Trainee: 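First, the structure itself, so that you have it in front of you.
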Amino acid sequence: MMTLMRHDQQMDESFYKILEIRHLTGNAFSIKLPKARFAFKAGQHISLGIVGGNQSREYSIYSGENEENLEVLIKEVQNGYFTPQLRRLKIGRMLEIHGPFGKFGMEREKAEKGKFVFIASGTGIAPFRSIIRTYPNIDYTLIHGVKTLEEAYDSHEYEKGRYVLCTSREKTGDYHGRLTGYLKTCTFAPDTQFDLCGNSEMIFDALEILKGKGFSRDQIHCEVYF
Amino acid sequence: MAFKTLGCRLNQYETDALVTDFSQAGYELVDYNESPDVVIVNTCTVTNQSDHKSRSVISQAARKAKNAVVVVTGCMANNFKEKLESQENITFVVENSRKSSILTLVDAHFSGEIAHPDQLPQDVFRYEPVRKSLHTRSAVKIQDGCDNFCTFCIIPMVRGNAVSRPVADVLESIRKTVDNGFKEIVITGVNIGRYSDGDTRFEDLLAQILEVPGDFRVRISSLEPDGFGPDFVKLFAHPKLMPHLHLCLQSGSDKTLLRMRRMYDVEQFRKTVTQFRAVYTDFNFTTDIIVGFPGETEEEFGQTLEAIKEFNFSHIHTFKYSVRKGTRAERLENHLPEKVKTERSLQIRDLSVENKIDYFNSFIGKTQDVLVEKVAHGVASGYGEHYIPVRFKLTGAQKNAIHKVRLLERKGDDENCYLLGEVIL
Ligand SMILES: Cc1cc2nc3c(=O)[nH]c(=O)nc-3n(C[C@H](O)[C@H](O)[C@H](O)COP(=O)(O)OP(=O)(O)OC[C@H]3O[C@@H](n4cnc5c(N)ncnc54)[C@H](O)[C@@H]3O)c2cc1C
């Protein structure tokens, strides 16, 4: 690996020092890193490892393309291997990053002209925040499925009326129940583009619902986390 | 010097290119039983079984070729670099990205320099066009790496990000390979459908390759089922492009595909197959199927069987799912018992043979242009345009010649069946 030493927070092309940790819920947090020369397209993900560790995991980028820092949103998975270690990290620790990877997201021209419905479960909201912050004028509705209100990560940032929270374990959201229940009640314009992100079961169910409403699979783009 | 190669077509191509490199530098190729001075083992790590095979080939090579320089390269060299470097029976461990410069390393070693593989340049495309006489068919590498991150796959970790070889370089390599006398070229890479050089996508590159002058035909090595448009189908009208695709379905269940992080569904796959067969009715599709992926239910497996019947794959590369350390699938829940995986894989194999027999039978009475790959006891064997194995009698038959052959009957009723024919031209 190449040593650059041109940035005190970035010792190596792939090593980044943690600048900030935001605790969003009891088990979800975001990590901010210096962006430096790291270029990506909103919607892409990185692979992240702890320097000195032997495993890495993929994380969607949570920040916009033009922001000063690179941010990721992480939920600690109970009995998970990597996230409990990540959660214990303190500011100043080094992370190893590779990427960016993936084709999730859209070209600028499409983002500025299209009509989008973003469907996310849990931390699957991450790439959509990056997209929305990158293209502030994008025409979107963001449907976010979580268990409880506290998982509505940074929801105050989204324009009123564009963010729909579905809470399955309490009645605190805009819709009480799974996001797929809400999706069944919706009607969308025929030329809508759908972007789905999160766990594979939610994505499968949502795909079935959208196909059932007559949308073509080519209008639907998916990013599976697990 | 001797070579041992494990794994995929890309590895085979890279070995062929290295053989060419070493031969041009004056090294003599021998079997590794004949006490070579150098042995290069080009390893594979795609499954645990490949690791096992690679390891045993390395120890065998080191044992048989005592005092030889043992170079280990390939995907296992990336995946287990430090471990291999600590082994005393290995002289050099060379990562994939530096594989194309192994000659420089070996030359340096023999001229007494202190050489280290990490000093070699990194270039995944710096391979010589393959010299004739090695095979009848030559691969040309257009792309390397993959960043799809399918949950079962270790390849992104060992081959790295997707990178594409510049168009001009590819065309130059095709020209040289044709000049070297090859009549069939296989377009190879890790995920070739993702080819992208500026505005040139995979289809565009293929169109340019087909326009290279010369008497040769083109095959495409395995392809992921997403990422190409309708123009792709039209390209197959070109007489140089052979009517066969190895299109990797992996599962006939949309749920399983999502758990594998494969972002197409069976309907999209169906659309592709239908588009092709609407134009080229006897188009040959072969595929890869992973059986017993974590969480695969009876119903999901049943959907795979249905898909195999519907798409009429003439051959299925069946992989019984095995945990690959370091992949996401390793951490998925509901891993299936070995017995279930074995039973399911046997069912797929049976179906694959049935399909193959039906497909081969449908060619009886038709003709194929067969490129002769082997001649033994007056019998020539090779593959027709659709990648069907064909044998025929011909006195004075020569390797690398193309003959028009009428197909008369099928021989064998198992995986290794073939068609027997007679030369008409
Ligand atoms: C392209 C991509 C982008 C991703 N982006 C994000 C992201 O932005 N934020 C994020 O938190 N995660 C994201 N993930 C998931 C992440 O890579 C890890 O899988 C996750 O952090 C769990 O790691 P672990 O080692 O703790 O769990 P492991 O020990 O690897 O897994 C334990 C179990 O937890 C399940 N699991 C994995 N992820 C989750 C989850 N988020 N919630 C509940 N169960 C889970 C696994 O299927 C497994 O059964 C992404 C995955 C992919 C493929």
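Because only heavy atoms are used, hydrogens play no part in the values below, and waters and symmetry mates are left out as well, while side chains stay in. A quick note: this is a predicted structure, and the numbers were derived from the prediction, not measured.
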Trainee: Can you tell me how far apart SG (A:Cys222) and CZ (B:Arg261) are? Round to the nearest 0.5 Å.
Mentor: 10.5 Å
Trainee: Of B:Leu258, B:Asp254, B:Asp265, which meets side chain to side chain contact (heavy atoms under 4.5 Å, CB included) against A:Leu207?
Mentor: B:Leu258
Trainee: If you take all heavy atoms of B:Arg331 and A:Gly80, which pair is closest and at what distance?
Mentor: NH2-C, 3.9 Å
Trainee: Atom CZ of residue position B:Arg324 - does it have more than 12 heavy atoms of other residues, nucleotides or ligands inside 6.0 Å?
Mentor: yes
Trainee: OH/A:Tyr225 to OG1/B:Thr151 distance, rounded to the nearest 0.5 angstrom?
Mentor: 15.5 Å
Trainee: When you check the gap from the basic side-chain N to the acidic O, do B:Arg328 and A:Glu58 get nearer than 4.0 Å?
Mentor: yes
Trainee: Is A:Arg169 atom CZ crowded by more than 12 heavy atoms from other residues, nucleotides or ligands, each under 6.0 Å away?
Mentor: no
Trainee: Tell me whether the count of non-hydrogen atoms from other residues, nucleotides or ligands lying under 6.0 Å of NZ in A:Lys184 goes above 12.
Mentor: no
Trainee: I'd like to know whether NZ of A:Lys211 has more than 12 heavy-atom contacts from other residues, nucleotides or ligands below 6.0 angstrom.
Mentor: yes
Trainee: Around atom CG of A:Asp191, are there more than 12 heavy atoms from other residues, nucleotides or ligands closer than 6.0 Å?
Mentor: yes
Trainee: Identify the residue among A:Lys103, A:Glu223, A:His221 that makes a side chain to side chain contact (heavy atoms under 4.5 Å, CB included) with B:Met263.
Mentor: A:Glu223
Trainee: Please say whether more than 12 non-hydrogen atoms of neighbouring residues, nucleotides or ligands are located less than 6.0 Å from NZ in A:Lys41.
Mentor: yes
Trainee: Side chain, backbone, both or neither: which part of B:Tyr264 has an atom under 4.5 Å from a heavy atom of chain A?
Mentor: backbone
Trainee: Tell me whether the count of non-hydrogen atoms from other residues, nucleotides or ligands lying under 6.0 Å of CD in B:Gln87 goes above 12.
Mentor: yes
Trainee: Quick one: do A:Arg217 and B:Gln268 satisfy side-chain contact (heavy atoms from CB on, under 4.5 Å)? Show the steps, please.
Mentor: CA-CA 8 Å; A:Arg217 182 64 178 77; B:Gln268 284 172 309; 3.4 Å; yes
Trainee: For the atom pair OG (A:Ser47) and CG (B:Asp147), what is the distance rounded to the nearest 0.5 Å?
Mentor: 11.0 Å
Trainee: Quick one: of A:Ile220, A:Asp218, A:Ile203, who has the most non-hydrogen atom pairs under 4.5 Å with chain B?
Mentor: A:Asp218
